[in-house]
Amino acid sequence: MASKHHEGGEPRRNMAIERVAVIGAGTMGAGIAQVCAQAGWATRLYDAFPEGLERGMQRIDAFWDKGIARGKTTPEQKTEWSSNLEAVNDLEQAVSDADLVIEAVPEIPDLKHSIFAQLDKLAPSHAVLGTNTSSLSIADIAAATSRPERVVGMHFFNPVPIMKLLELVRHDTTDEATIALAEEAGRRMGKTTILVKDIPGFATSRLGVVLGNEAIRMLADGVASAKDIDTAMVLGYKHPMGPLALTDLVGLDVRRDILRNLQSSFQDDAYAPHPLLERLVEEGRLGKKTGKGIYDWSSGEAEETSFEESTP
């Protein structure tokens with residue numbers, strides 16, 4: 001099945017989304033909840049950890065305040081959007097009347113399977129269950145439910161309120177009504193959707209992590225500095241951000257885990273994470289979220305940093 005491009009237009013069936021639940025209030029979950037609230041839906045953001053839920057809500061509030069300060073949004077818009085958003089710490093309360101549930105928890109298969117088994121019991125039978133996984137099998141996640149036809153991959157990109165792409169992933173038994181609803185959801189959020197098959201790494205992660213891994217190899221081999229490698233792709237190939245800065249933004253641990261998944265799934269060591277990537281993750285240098293990765297982000301901007309000789 002060839003990938004299809006869907007932007008704007010009407011859904012294939014007349015269906016309505018009124019209530020959305022987002023599971024997981026981390027960077028991605030908070031961003032997804034934000035765009036859902038901005039789309040006009042009654043949105044509930046859930047997290048198993050109260051402090052995580054509070055941070056997620058604070059992140060959304062700060063984003064809206066920054067938009068007001070820059071003159072991109074108005075206080076009236078923030079008031080309207082805020083009225084659509086509710087933080088809840090009870091999973092059943094979050095999903096009991098949802099038309100669409102979007103899971104955005106860490107890329108741990110057992111965790112996602114457990115959550116989807118719970119969602120299957122707690123969410124209405126008509127609800128579509130979306131997962132924001134960037135590389136895990138949608139079919140495996142769907143198998144944790146009694147409604148695999150209503151499960152779809154909804155892979156967002158960071159920062160969610162700004163990035164326009166939404167990668168929809170269908171497994172073999174995802175039905176057309178589910179795809180139509182996911183496409184309509186993307187349109188309402190202001191996203192352009194692409195539709196891909198349930199293959200490890202999908203389209204975006206598979207290409208992105210391979211490019212990032214090769215850039216790390218070039219850095220370790222001394223081909224050029226991180227800044228110069230990134231500048232080559234930004235100016236030479238019109239990428240909005242270089243592959244090394246993007247790896248820092250996404251998280252080196254996330255990129256490492258996707259590469260390991262591809263290596264295992266395809267039984268191909270060409271996807272093996274470069275030793276420098278492995279070493280940085282072991283050292284806790286995970287990128288912008290920890291203040292240092294390939295770059296030093298302590299000043300808020302990407303600053304060059306040095307590396308000891310990498311493991312061969």
Side-chain angles (χ1 to χ4, degrees), residues 1-4 28 103-117 129-145 148-149 151-158 165-174 179 194-221 223 229 233 239 243-244 246-287 293-294 307 310-312:
M1 180 191 68
S3 296
K4 296 192 292 182
M28 296 303 293
E103 165 272 314
V105 304
E107 296 280 79
I108 303 170
D110 288 347
L111 175 60
K112 288 185 184 286
H113 296 164
S114 173
I115 287 174
F116 270 77
L129 308 180
T131 173
N132 181 52
T133 181
S134 57
S135 65
L136 298 178
S137 166
I138 309 302
D140 284 352
I141 294 171
T145 77
E149 73 282 357
V151 176
V152 63
M154 298 182 71
H155 180 204
F156 292 82
F157 294 80
N158 186 30
L165 180 64
L166 173 58
E167 183 177 42
L168 302 178
V169 187
R170 68 183 308 161
H171 61 94
D172 287 345
T173 58
T174 306
I179 297 300
I194 61 172
L195 182 61
V196 303
K197 291 177 66 175
D198 186 18
I199 299 295
F202 314 140
T204 55
S205 294
R206 186 169 170 182
L207 289 171
V209 297
V210 168
L211 178 61
N213 203 37
E214 188 61 28
I216 289 173
R217 187 188 316 279
M218 292 169 62
L219 180 64
D221 290 347
V223 173
I229 292 170
M233 299 308 295
H239 289 201
L244 296 173
L246 182 59
T247 296
D248 267 2
L249 180 63
V250 172
L252 276 72
D253 53 336
V254 174
R255 282 287 173 93
R256 188 274 312 270
D257 290 347
I258 294 172
L259 283 163
R260 284 180 172 179
N261 181 47
L262 292 173
Q263 180 186 14
S264 174
S265 297
F266 292 120
Q267 293 294 297
D268 188 346
D269 289 341
Y271 294 103
H274 189 275
L276 177 57
L277 176 58
E278 294 276 17
R279 198 189 83 204
L280 292 175
V281 172
E282 289 174 4
E283 293 174 356
R285 292 176 58 163
L286 306 183
I294 296 167
F307 300 93
S310 62
T311 305

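All residue numbers refer to positions in the sequence shown, counting from 1. Small disclaimer: the values here were computed from a predicted structure and weren't measured.
- Contact annotation: the side chain of Arg170 never approaches that of Ile138 to less than 4.5 Å [non-hydrogen atoms, C-beta and beyond].
- Separation of atoms CG (Leu136) and CD1 (Ile108) is listed at 10.0 Å; rounding is to 0.5 Å.
- Side-chain contact between Pro273 and Arg260 is present, with heavy atoms from C-beta onward closer than 4.5 Å.
- Here Thr247 contributes atom OG1 and Ile216 contributes atom CD1; the two are 5.0 Å apart, rounded to the nearest 0.5 Å.
- In this structure, Glu167 contributes its side chain and Thr204 its backbone to a donor-acceptor pair below 3.5 Å.
- Applying the salt bridge (Lys or Arg N to Asp or Glu O under 4.0 Å) test between Glu278 and each of Arg255, Arg285, Arg256 identifies Arg256 as the sole match.
- Pro148 approaches Thr173 most closely through the heavy-atom pair CB-OG1, 3.8 Å.
- A donor-acceptor contact shorter than 3.5 Å is absent between the side chain of Asn213 and the backbone of Tyr271.
- Side-chain contact between Val196 and His155 is absent, with no heavy atoms from C-beta onward closer than 4.5 Å.
- Side-chain contact between Asp248 and Leu252 is present, with heavy atoms from C-beta onward closer than 4.5 Å.
- Interatomic distance, Thr145 OG1 to His113 NE2, rounded to the nearest 0.5 Å: 10.5 Å.
- Of all heavy-atom pairs between Ile258 and Ser135, the closest is CG1-OG, 3.7 Å.
- Of all the heavy atoms in Met218 and Ile229, the pair that sits closest is CB-CD1, 3.9 Å.
- Within the 4.5 Å cutoff, side-chain heavy atoms of Leu280 are placed close to those of Glu283.
- No side-chain donor-acceptor contact under 3.5 Å links Ser134 to the backbone of Ser205.
- Judged by distance alone, with hydrogens and angles left aside, the side-chain atoms of Thr174 form a donor-acceptor pair with the main-chain N or O of Val151 at under 3.5 Å.
- Nearest heavy-atom pair across Leu244 and Ala215 is CD2-CB, 3.7 Å.
- Rounding to the nearest 0.5 Å gives a distance of 9.0 Å between CG of Leu277 and CG of Asp253.
- Checked by atom type and distance alone, the side chain of Ser114 never pairs as donor or acceptor with a backbone atom of Leu111 at under 3.5 Å.
- A donor-acceptor pair under 3.5 Å is absent between the side-chain atoms of Asn158 and the main chain of Met28, judged by distance alone.
- Checked by atom type and distance alone, the side chain of Ser264 never pairs as donor or acceptor with a backbone atom of Asn261 at under 3.5 Å.
- Residues Leu211 and Leu246 have side chains not in contact (no heavy-atom distance under 4.5 Å, counting atoms from C-beta outward).
- A donor-acceptor pair under 3.5 Å is absent between the side-chain atoms of Glu103 and the main chain of Phe116, judged by distance alone.
- Counting heavy atoms from C-beta outward, Val152 and Val169 have side chains that stay 4.5 Å or more apart.
- Between Arg217 and Glu214, at least one side-chain nitrogen of the basic residue sits less than 4.0 Å from a carboxylate oxygen of the acidic one, meeting the salt-bridge criterion.
- Proximity of Asp268 to Gln263: side-chain heavy atoms (C-beta onward) are nowhere separated by under 4.5 Å.
- Looking at every heavy atom in both residues, Lys197 comes nearest to Phe202 through O-CD2, 4.2 Å.
- Between the CD1 atom in Ile115 and the CG atom in Asp110 there is a gap of 11.5 Å [rounded to 0.5 Å].
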